[in-house]
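Notes to accompany the following structure.
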Amino acid sequence: MLSENERGRIISKNKEKIELFFQFAFEVGSKRNIDDVLKVIADSARKILDCDRVSIFVYNKETSKLWTKVAHGLEEKIEVDQNIGIVGWVFSNRKPLIVNSPYSDPRFNPETDRKTGYRTKSIIAVPLVTYSGSTVGVLEGINKNVGGFVDEDLEFGQILAVQAANAIENAILYEELKRAQEEIVMRLSIAAEFRDSTTYNHLVRMSLYSYLIAKEMGFDDSWCEKLKLAAPMHDIGKLGIKDMILLKPAKLTDEEFEEMKKHTIYGYDILKDSSIDILKMASNVALCHHEKYDGTGYPRGLRGDEIPIEARIVAVADVFDALTSKRPYKEPYEIEHAVEIIEKGSGKHFDPKVVQAFKKALPEIIKILKKYGVE
Ligand code: C2E
Ligand code: SIN
Ligand code: SIN
Ligand code: FE
């Protein structure tokens, strides 16, 4: 680790690199998603180290391997053993390393070169150690543009590595939190509907359909992510519906259907008045997912843009999934038939803009349907 003094000396010597460091710090701080974070680190490191390629290897606790995805010149995610190659050595020994003639270094593993047809001439590899001392991976630069790597590159690499390591650690925590949040929402929503034939997969599907439609409509990432979490809570108000109605294996009487309609209001009552954005959105979705574009829906008979957009999107996702699924009161329809029903509903039941986006997203939607199969 460098002392503050050494760090100051190095930095004052290299003005143009300081700019790159500031730019890096600013950019990496604005990213949350792990892929984005890795890309910013790799791009900045390539400039700062003045080399041809940079790969970031991230340690996966579950497999005990190091994986990389955003390696320059590499298309797919690869995994390497934590003890093999230069990268493995640097990871296990927590020491940086320069190797300017890799083919005569016994630690070098030429397998990647063989696979990619690339010729590695020089390597710099730095362990990614966080402020709190955990090693999250290795930053590797390949082929210095002029000559080989020098000690100064090692110093720069290490300054970069600390910040990179913390950004990666945060991104991993963020991904884990997001996954936990998604799973908790799904599990609690399914708990709320456990008497119904509703399944975990129904909620996963309609949540992802909603997300894909919103993306297609051009909503920003964070809004789409919120909708993905809000959508599965749409029928939470079915908690308040009596078994006799909810589980009836036949058509509902008018009176029973009036009771059934109240699941929108019950859901709203459960979710309303929260200061959490996702729950606010979920309360709108619960209340308005059976409203229809032409004003003939329930519970309030809202029309057009009076219906919150999140509910207009979920309406299409929910009905498409209801149509392609088995219900106690109906058999599933073929996909083509279900799509036809959605198209026919454009401008009547559904917002035409949403139907259009649904059709554009259909190839992706069908992939989800197949992956989280209709049971
Ligand atoms: P769900 O089963 O999740 O259905 C959600 C929505 O999908 C329905 O809202 C409806 O708009 C659409 N949908 C479902 N099946 C069909 C279909 O066969 N054809 C067409 N064109 N659309 C369909 P809706 O009608 O407001 O119903 C809300 C909820 O009320 C349903 O949720 C279900 O739990 C219950 N429900 C509706 N009709 C019946 C019924 O005849 N028998 C029973 N037992 N429950 C019913
Ligand atoms: C990965 O990059 O392999 C997984 C992280 C993500 O879910 O974006
Ligand atoms: C290694 O770590 O030895 C392989 C270097 C590479 O990525 O080509
Ligand atoms: Fe509903």
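Residue numbers start at 1 and run along the sequence shown. Both ligands and their constituent atoms are indexed starting at 1 by order of listing.
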Original post:
For the Fe ion (ligand 4), what is the closest N, O or S atom on H289?
Top reply: NE2
Original post:
For ligand 1, which atoms sit closer than 4.0 Å to a heavy atom of H349?
Top reply: 11 (O)
Original post:
Out of P249, A322, A338, A250, whose heavy atom sits nearest atom 42 (N) of ligand 1?
Top reply: A250
**OP:** Would you mind running through ligand 1 and noting each atom that sits below 4.0 Å from a heavy atom of M260?
**Re:** 29 (C), 30 (O), 34 (O), 35 (C)
Subject >> Top protein contact for atom 44 (N) of ligand 1, by heavy-atom distance >> reply: K248 O, 2.6 Å
Subject >> Contact summary for N143 and R119, nearest pair of heavy atoms >> reply: ND2-O, 3.0 Å
Original post:
Which atoms of ligand 1 sit under 4.0 Å from any heavy atom of D318?
Top reply: 5 (C)
Original post:
Short check: any N/O/S atom of H234 below 2.8 Å from the Fe ion (ligand 4)?
Top reply: no
Subject >> Protein contact to atom 45 (N) of ligand 1 [nearest heavy atom, distance to 0.1 Å] >> reply: Y329 CD2, 3.5 Å
Original post:
Nearest protein heavy atom to atom 3 (O) of ligand 1, by residue and atom, and its distance?
Top reply: R327 NH2, 3.1 Å
Original post:
Which one holds for H290 and ligand 1: side chain close, backbone close, both close, or neither close, with close meaning a heavy atom under 4.0 Å?
Top reply: side chain
**OP:** Looking only at protein heavy atoms, identify the closest one to atom 21 (N) of ligand 1 and say how far it is in Å.
**Re:** I341 CG2, 4.1 Å
**OP:** Flag the pair Y59 / F91 as yes when their ring centroid distance falls below 6.0 Å, and as no otherwise.
**Re:** yes
**OP:** Could you tell me the residue and atom name of the protein heavy atom closest to atom 20 (C) of ligand 1, and the distance to it rounded to 0.1 Å?
**Re:** L323 CD2, 3.7 Å
Original post:
Within less than 4.0 angstrom of ligand 1, does S325 place any heavy atom?
Top reply: no
Subject >> Heteroatom of D235 nearest to the Fe ion (ligand 4) (N, O or S, atom name) >> reply: OD1
**OP:** Begin from the C-alpha positions of R179 and E182 and carry the test salt bridge (Lys or Arg N to Asp or Glu O under 4.0 Å) through to its verdict.
**Re:** CA-CA 5 Å; R179 272 211 309 277; E182 275 173 26; over 6 Å; no
Original post:
With a cut-off of 4.0 Å, which atoms of ligand 1 are near a heavy atom of Y298?
Top reply: 24 (P), 26 (O), 27 (O), 28 (C)
Subject >> Polar proximity ligand 1 side, K238 side, N/O cut 3.5 Å exclusive >> reply: yes
Original post:
Looking at atom 10 (C) of ligand 1, what's its closest protein heavy atom, distance included?
Top reply: V319 CG2, 4.4 Å
**OP:** Anything under 30° is parallel, anything over 60° is perpendicular, the rest tilted; go ahead and classify H290 against Y298.
**Re:** parallel
Original post:
Do N5 and S3 have a side chain donor and acceptor closer than 3.5 Å?
Top reply: no
